[in-house]
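Working notes, structure below.
Order of listing sets the numbers, starting from 1, for every ligand and every atom in it. Keep in mind it's a predicted model, so treat the numbers as computed, not measured.
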Amino acid sequence: MDKNALEKAALSVRTLAMDAIQKANSGHPGMVMGAAELGAMLYGEILRHDPSDPKWPDRDRFVLSAGHASMFLYSLLHLSGYADMTLDAIKSFRQIGSPAAGHPEYGASGGIEMTTGPLGQGLATSVGLAIAETMLAARFNTASRKIVDHYTYVLAGDGCLQEGVSGEASSLAGHLGLGKLIVYYDSNRITIDGPTALTFTEDVAKRYEAYGWQVLSGSMYNFDEIARLTAKAKAETKKPSLVILTSIIGKGAPNKQNTADTHGAPLGMEELAAARKALGVPKTEDGLDFYIAPEAAAFFKDKREEWKTRRENWLAEFEAWAKENPDRKNEWDAFHSGKAAEAALPSFAVGEKIATRAAGNKSLAAIASANQNLVGGSADLKSPNAVGIPNAPVYSASERGGRYFHFGIREFAMAAIANGISLHGGFRSFCATFLVFSDYLRPALRLSALMKQPVIYVLTHDSIFVGEDGPTHQPVEHLASLRTIPNLLVFRPADAEETVEAWAMAMERNDGPTALALSRQNITVFAKDDPDWKKSIRRGAYVVKRADGPADAVIIATGSEVGLALEAAALSGKNVQVVSMVSRELFASQGNAVRNSVIPPGARTIVCEAGVSQGWERWAKPEDILSIERFGESGPAEKVADHLGFTAKALAEKIRG
Ligand SMILES: Cc1ncc(C[n+]2csc(CCOP(=O)(O)OP(=O)(O)O)c2C)c(N)n1
Ligand SMILES: [Mg+2]
């Protein structure tokens with residue numbers, strides 16, 4: 001360990017951060033300066049990575065859970081030699097187009113393993129990264145060759161450990177015995193509002209011990225100690241480790257350090273000059289020269305050869321493994337192809353009565369059988385969500401070959417973990433809960449969409465037709481609210497046949513998440529007038545029942561309401577066209593020709609969906625929307641629908657006008 005070089009590396013992290021934040025006139029120097037020593041250790045000594053191949057599958061993963069400290073990551077990526085993170089990129093920190101965005105953005109530069117900024121989620125998602133490593137190792141390592149063998153490192157701050165999601169995920173990580181997950185806690189005891197004494201006085205160490213973690217403590221400013229604690233963390237193979245490093249926020253800024261002032265604002269030119277003096281930085285005229293100590297630059301330059309050699313050694317091992325295990329190599333390629341294999345999908349007969357959640361289960365079974373890398377589970381609703389996979393072993397501390405997950409009642413962590421599994425590479429992930437509880441996982445779903453991860457969300461019990469469980473369990477605003485998330489596709493299939501296609505479409509996606517809203521209640525499989533409906537449905541909507549000549553009305557319905565619309569059409573005695581709009585956002589993105597082929601221009605349109613009307617105003621006049629603008633009621637489903645005036649009869653009356 002070259003302590004002098006590491007010190008200079010830490011110094012360079014501080015100077016780059018101070019200057020970039022000052023230049024942008026925006027950013028968070030406190031944690032970057034306070035944890036610079038860990039940064040030097042991580043990138044100089046601890047991480048097994050290779051900037052020349054940031055996607056190397058067996059690299060260690062590092063997640064900056066405290067995303068506001070983005071300059072921590074950027075300065076170290078730059079020093080390490082990640083090609084995207086040039087000095088110019090750092091000089092345009094927080095400017096449009098720079099990979100050095102305000103908070104780390106997945107895909108903006110090699111070495112950014114995920115998007116962070118929403119506190120707590122980085123840590124929670126890292127649990128998914130660590131899980132994926134164990135799953136991949138169990139499937140592909142052989143007795144003689146370990147081609148998957150890496151660690152997941154995290155840097156979290158006070159904020160990450162206050163957020164509930166990190167607790168959910170850490171509880172599960174402890175239960176699952178994820179020995180290769182190592183979380184450094186930058187314990188500076190300061191957040192935006194001031195000292196943590198204001199709000200956060202629990203014993204974090206004891207809490208993590210209770211979760212089943214190994215807890216270690218030391219100083220941020222002792223390289224030997226960080227090395228020793230990291231070795232100890234690695235030596236504990238049965239428990240994740242929390243390494244609590246006591247630190248000083250803003251360390252190096254002589255007048256501001258150890259105060260919340262350094263958390264989220266530039267130091268200011270005066271303090272910056274004082275810091276440079278205190279740190280022994282050579283003076284420059286304007287004080288913003290993005291100083292990098294020559295010793296640090298030389299140190300990382302030398303490292304590059306070492307890193308490259310390590311990766312090449314791995315590659316040789318991988319090639320030998322591939323030669324010895326051609327079948328597994330084929331499977332490895334399939335796992336990493338990013339493409340879903342075609343499945344022998346189930347079929348259903350017109351007239352069959354089956355809940356779309358049950359049809360979803362049959363689809364999942366077929367797809368999972370063809371795609372062995374599809375893994376997932378539910379937040380304690382395996383049977384209600386109908387997401388069991390036949391013959392799938394349950395993933396656990398003793399069964400890393402498992403693929404079904406009991407996430408426990410931890411929706412938010414579940415979705416964050418599903419993101420982590422997806423981000424890791426090698427796997428497709430799904431997760432499940434009631435649609436009404438999608439609110440509990442929404443922040444992770446938002447990150448799936450932002451990070452373009454094709455996670456599949458199975459959200460059952462999709463309307464007031466849940467019945468007896470009442471308004472707490474009857475979603476009314478959830479479809480509308482999910483549809484507002486960019487790059488999320490919401491599918492609400494109308495019968496078993498549509499459900500199969502919805503699952504298939506979700507698997508075809510590779511650049512964003514899909515939500516499948518599925519019914520609890522049975523739905524009758526209906527005949528479809530469009531002979532090409534399996535193709536048309538891929539545009540988001542198709543004609544279920546075609547009007548004879550010009551229609552008196554076109555009903556646009558989703559999910560179980562398509563059946564209701566067919567019934568109402570018959571009751572009304574009018575010439576009605578019924579459209580199933582399985583995904584409004586997908587249909588809205590089609591060109592005019594496609595849209596006009598489904599909804600003839602000028603036709604009177606009526607919308608029917610068992611939820612709030614918000615967003616449907618574009619498709620019909622307010623008086624032509626049959627919706628539910630209030631919370632539901634506890635009672636048998638049909639009675640609730642009657643009570644709310646949400647019936648075929650009511651819709652038929654609307655059609656008659
Ligand atoms: C979910 C979420 N809530 C609030 C914020 C706003 N925020 C950013 S940093 C921060 C304080 C974090 O404190 P800490 O983790 O101790 O970081 P430090 O001040 O030590 O840099 C807050 C509240 C956020 N980024 N994410
Ligand atoms: Mg703090």
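Proximity of I190 to ligand 1, defined as any heavy-atom pair under 4.0 Å, is confined to the backbone N, CA, C and O atoms. Under 4.0 angstrom from ligand 1, there are no non-hydrogen atoms of H28. Contact annotation for L119 and ligand 1: heavy atoms of both the backbone and the side chain come within less than 4.0 Å of the ligand. The proximity of P118 to ligand 1, defined as any non-hydrogen pair under 4.0 Å, is limited to the backbone.
The nearest N, O or S atom of I249 is not closer to the Mg ion (ligand 2) than 2.8 Å. For the Mg ion (ligand 2), the set of nearby N, O or S atoms under 2.8 Å includes one belonging to N188. Note on D186: not counted as a metal contact of the Mg ion (ligand 2), no N/O/S atom lying under 2.8 Å.
Checked against the 6.0 Å centroid threshold, H406 and Y395 do not count as a close aromatic pair. For H28 and H263, the gap between ring centers is short of 6.0 Å. Separation of the F62 and H49 ring centroids does not fall under the 6.0 Å cut-off.
Around atom OH of Y404, more than 12 heavy atoms belonging to other residues, nucleotides or ligands sit under 6.0 Å away.
By the 3.5 Å distance cut-off applied to N or O atoms, G117 is counted among the residues near ligand 1. Some N or O of G159 is nearer than 3.5 Å to an N or O of ligand 1, by distance alone. Every N/O-N/O distance between T191 and ligand 1 stays at or above 3.5 Å. Any N or O atom pair closer than 3.5 Å counts here, and D186 shares no such pair with ligand 1.
Not close to ligand 1: G30, with no non-hydrogen atom less than 4.0 angstrom away.
The minimum distance between the Mg ion (ligand 2) and any N, O or S atom of D158 involves atom OD2.
Checked for salt-bridge contact, D289 and R276 meet the test: a charged N lies under 4.0 Å from a carboxylate O.
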